[in-house]
Amino acid sequence: MSANNDAALACLREVFGYEHFRPLQAEAIAQVMQGGDALLLMPTGGGKSLCYQVPALLLPGVTLVVSPLIALMQDQVDALAQLGVGAGFLNSMQTDKEQAATLHALRTGSIKLLYLAPERLSAPSTRSLLQSLHVSLVAIDEAHCVSQWGHDFRPDYRNLGVLTGWLPGVPRIALTATATRQTRQDIVVALDLAAPRVLVGSFDRPNIHYTVSGKRPGNTQLTGFLAQRVKQCGIIYCLSRKKVEATAENLRGLGFNARPYHAGLDRELRMRTQREFLAADAMIVVATIAFGMGIDKPDVRFVVHLDLPKSVEAYYQETGRAGRDGEPASAMMLYGLQDVVRLQQMMAQSSADDDYKRIEQDKLNALLGWCESAQCRRQPLLAYFDDVGAEPCGNCDNCELPPETWDATQDAQKLLSCIYRTGQRFGAAYVIDVLRGSQQSRIVDNGHDSLSVFGIGADTDVRVWRSLVRRLLVEGYLFADPERYGALTMRASCKLLLRGQTTLFARKDLQARAAPRRRPSAVDSRIAPHERDLWDALRARRTALAQRQGIAPFMIFHDATLLEIVKQRPQSEAQLLEISGVGQSKLDRYGDDILSVVRSCAAD
Ligand code: ADP
Ligand code: ZN
């Protein structure tokens, strides 16, 4: 046992160049080294991969890694090669020749980790192949894909249970960053894990700053945000392909290195964009949710949602792509009533059964409730993942500038009577216009200018009315009927509000929020003027080394590692090896280069 622990720590230091395990890594490794099964839940960037990579190096034979991220298998194999670890992959996008090369490498024993796409499990040859290898461990990455209730269900993942029969007694570890209780149970059952040790890490990502605001017309919210983040990498999510294209185009016009990404674009082009992004120092990908699963680029500095995501889970997963390196990062979401209606329409039109639709609707409501909430953003996010008891975080919009709340009961009553008197036939825009006393011909033609509710809300800003409508939708008082173009319909619970038997407190939609404080790119801000030359020289050398091998610069060293080199100015191989992120293999490959750069930029 403890010999195992010692060996694991030695491997961490020698191969990966890290001094200590992060929380739960040692526990997960110990569990599989003893032959047991494990389910590991850690946020994106928590360090899950190491939990099977270290055992893979310590155990005899091969570790099988099931992963749906076909497009990233090459990157994973490249990154391991940098560490001096033999790895290969099998998936349906390879040529026969590439597959033959992997099979050959497996036979000659030069592969310690074999990445396998789940669809390979239904190929008849796979069973005999796996049984002919000495498989010591099976790792199932992105394990939430087995769950129908998760946001990323893959039918192929349902097949993974067969591995128990094919490889009896081989320990298995399932890994995921998304797991509510339901998903967790699904994983254990569908994968047929035997008395797994369930290890749940904290889901907090303290370095990510959250901001959520209502959409205002025009682009100023986005451009204002980006103006403070020039020369950084980020992802901007939109709901539709059209909007993806238009936004990317617009940003390019403003001088940003922005590219579109959605499932309608040519596959080659998508692959190229993804590769460029992985290697980039300053690039924005504007994308639908087709982009990003498994993007483990450490230095994504921001994630923007220009439309509402589908659920809290999806939002957390998407924003989790920012700041994997632990440096400060931002997540900004802009949302509007339009999004809610759109998403509800999409749900209504889908062919899924009613139960599923109801679950989706509930998830959307939970997310909207979160958007409109006046409390710390992080607390309810963590609570959603059963991570309760956190203090207000101090690193979100609501903590920094607590929104005021107001007793909105009377206004809600006005709104509801207006909906009632106009026959529950109109969308929010029309109802609000009537309340505010607009003289539009449509209102006059309908005779709605003579209703008692006409103009009774003229003193209240249209944005406040909109936010109130959202709130009533979220709380289930109102329903925006997608089959009637979002016509607002009242639910039974409205009676309570109308009779004053319940009250409604709402956040003031803060239209005049202070501009977010400028947060300088964190690594940059820690470089003193006299260190700048060395920093630039190291980065330039890293880029050159990466280009020569056709890999991303961060696969050679992370920024954090270069920063430590700048601070420590190592003079010998032994000193260089002390730096976090420098292991034996990288020392052998890059030690001379780095030391010579350090020497040539003598400190002054
Ligand atoms: P996940 O798969 O959980 O999203 P990764 O396995 O990609 O996360 O790890 C995220 C980053 O953290 C990687 O760059 C990895 O090298 C680094 N990392 C993992 N474990 C440690 C550790 N014990 N010490 C320092 N860095 C680590
Ligand atoms: Zn907070």
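Order of appearance sets the numbers: ligands from 1, and atoms from 1 within every ligand. In this chain, numbering begins with 1 at the start of the sequence shown.
- Donor-acceptor pairing under 3.5 Å is lacking for the side chains of Y210 and R205.
- From L137, atom CG reaches atom CZ of R172 across 10.5 Å, with rounding to the nearest 0.5 Å.
- Enclosure of atom CD in E564 by more than 12 non-hydrogen atoms of other residues, nucleotides or ligands within 6.0 angstrom is indicated.
- Under a 4.0 Å N-O distance rule, the pair K215/D339 qualifies as a salt bridge.
- In this view, D78 satisfies the salt bridge (charged side-chain N to carboxylate O under 4.0 Å, His left out) rule with no residue, not counting sequence neighbours.
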Please report, to 0.1 Å, the donor-acceptor pairs under 3.5 Å made by any side chain of residues 80-87, with sequence neighbours excluded.
| unit_1 | atom_1 | unit_2 | atom_2 | d |
| --- | --- | --- | --- | --- |
| Q82 | OE1 | Y590 | OH | 2.2 |
| Q82 | NE2 | Q549 | OE1 | 2.8 |
| Q82 | NE2 | Y590 | OH | 3.4 |

Please produce the table of protein N or O atoms sitting under 3.5 Å from N or O atoms belonging to ligand 1, one pair a line, distance to 0.1 Å.
| unit_1 | atom_1 | unit_2 | atom_2 | d |
| --- | --- | --- | --- | --- |
| ligand 1 | 2 (O) | S49 | OG | 3.4 |
| ligand 1 | 3 (O) | G46 | N | 3.3 |
| ligand 1 | 3 (O) | G47 | N | 3.0 |
| ligand 1 | 3 (O) | K48 | N | 2.9 |
| ligand 1 | 3 (O) | K48 | NZ | 2.8 |
| ligand 1 | 4 (O) | G45 | N | 2.6 |
| ligand 1 | 4 (O) | R324 | NH1 | 3.0 |
| ligand 1 | 6 (O) | K48 | N | 3.4 |
| ligand 1 | 6 (O) | S49 | N | 3.0 |
| ligand 1 | 6 (O) | S49 | OG | 2.5 |
| ligand 1 | 8 (O) | G47 | N | 3.2 |
| ligand 1 | 12 (O) | R22 | NH1 | 3.2 |
| ligand 1 | 12 (O) | R22 | NH2 | 3.2 |
| ligand 1 | 14 (O) | H558 | NE2 | 3.4 |
| ligand 1 | 16 (O) | Y18 | OH | 2.7 |
| ligand 1 | 20 (N) | Q25 | NE2 | 3.0 |
| ligand 1 | 23 (N) | H20 | O | 2.8 |
| ligand 1 | 23 (N) | Q25 | OE1 | 3.1 |
| ligand 1 | 26 (N) | R22 | NH2 | 3.3 |

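- Aromatic rings of Y237 and F291 (six-membered ring for Trp) have centroids beyond the 6.0 Å cut-off, not under it.
- The Zn ion (ligand 2) has C376 SG, C393 SG, C396 SG, C399 SG as protein N, O or S atoms under 2.8 Å away.
- Counted by atom type alone, S330 and R229 present one or more donor-acceptor pairs between their side chains at under 3.5 Å.
- Salt bridge present: R539 and D559 bring a charged side-chain N and a carboxylate O closer than 4.0 Å.
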